[in-house]
Amino acid sequence: MTQPAQPSLAATPLRPFGAEVTDIDLRSLADAGFTAIHRAWIDHQVLLFRDQGLTDADLVSFSRRFGPLDHAPVQENGQRVVAGMPEIYVVSNVIENGVAIGSLGAGEAVWHTDMSYLSAPPKASMLFALEVPLAGGDTSFCDMYAAFDRLPPALRQRIVGLRVKHDGTYNSGGYVRQGVTPTDDPRQAPGTLHPLVCTHPESGRRMLYLGRRRMAWIEGMDLPASEALLDEIWAQATMPAITFTHHWHVGDLVLWDNRCTMHRRDPFDASARRVMHRTQIKGTAPPAF
Ligand code: SIN
């Protein structure tokens, strides 16, 4: 029997992980092309598409092909800012008429997985560049399969089966989320416990699942012991050998698997403009061992 042809995709691997997909217009993607992108996203964890001329509606429509979208969290200014598009979160330092048009400012955004304080965090995020500074504001990604594989065997054995609290107090820019009263005790803070070591539901591979360092706590441990163990794990998890950095150009779209990567952003000159629009695809199940 003739097998259906495998849809092909021009995907060039990035180092040490991720891939750049070329010769593609995300506005006019046939089903076979989307199937190939989905496969590449699972295989490479992060995909870069350059020179995309997307409107907000195009961005939402491409994002929806992966599944239902989360409504964006309320921005730091207390609003959702793209009229009629609650799925779009604006990441920006721009102030217009005295009001921030987006979130995260111009400072560093620390290593994190998006919205892992939820019981079923988004499975994917994508960020589309509308305006970028000449220097700074680069985004780095970390491979959490490799982070697990590279752990010293004794440490790996020690943490399998443990759960870590993913804090819901602060966003990655260090701003307090809407409606939350901060506390210094991670055990009291809002958030969700997830296994430290999870199995990816689509690839079947094991990965470290850390969320973010600030206000994390390992269930059942006293705080000093939890802090010491988390420091030991984090020192291994974000080594340069398992991360890559993307320098943005207008029209770049980066799609990442939010289950098996973390990301962070460099600070940039606050007088420069950076405007990015982000969507997130709903998670279908809590992260599981
Ligand atoms: C984010 O942390 O989700 C935003 C990353 C960025 O601004 O590059």
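Here the structure is a predicted model, which is why all the values come from computation and not from measurement. As the structure lists them, so they are numbered: ligands from 1, and atoms in each ligand from 1.
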- [ ] Could I get the full list of ring pair (Phe, Tyr, Trp, His ring centres under 6.0 Å) partners for Tyr117, not counting sequence neighbours?
- [x] none

Open item on the list: If the criterion is any heavy atom closer than 4.0 Å to an atom of ligand 1, which residues make the list?
Closed with: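 Only Val91, Leu104, His112, Asp114, Leu127, Thr139, Ser172, His263, Arg265, Arg274, Arg278 have heavy atoms that fall under 4.0 Å of ligand 1, ordered by chain and number.
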
N/O donor to acceptor pairs below 3.5 angstrom from side-chain atoms of residues 228-238, sequence neighbours left out:
| unit_1 | atom_1 | unit_2 | atom_2 | d |
| --- | --- | --- | --- | --- |
| Asp231 | OD1 | Arg213 | NE | 3.2 |
| Asp231 | OD1 | Arg213 | NH2 | 2.9 |
| Thr238 | OG1 | Trp234 | O | 3.3 |

Open item on the list: Between Glu87 (side chain only) and Leu59 (backbone N and O only), is there a donor and an acceptor less than 3.5 Å apart?
Closed with: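 Checked: no pair found.
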
Task: His263 backbone acceptor or donor facing His112 side chain under 3.5 Å - done: yes

Task: Over all atoms of both residues, closest heavy-atom pair of Gln52 and Arg50 - done: NE2-O, 3.0 Å

Output a table of donor-acceptor pairs, distance under 3.5 Å, between side-chain atoms of residues 96-106 and any protein atom two or more places apart or on a different chain; print 'none' if there are none.
| unit_1 | atom_1 | unit_2 | atom_2 | d |
| --- | --- | --- | --- | --- |
| Ser103 | OG | Gln75 | NE2 | 2.6 |
| Ser103 | OG | Glu76 | N | 3.1 |
| Ser103 | OG | Tyr89 | OH | 3.4 |

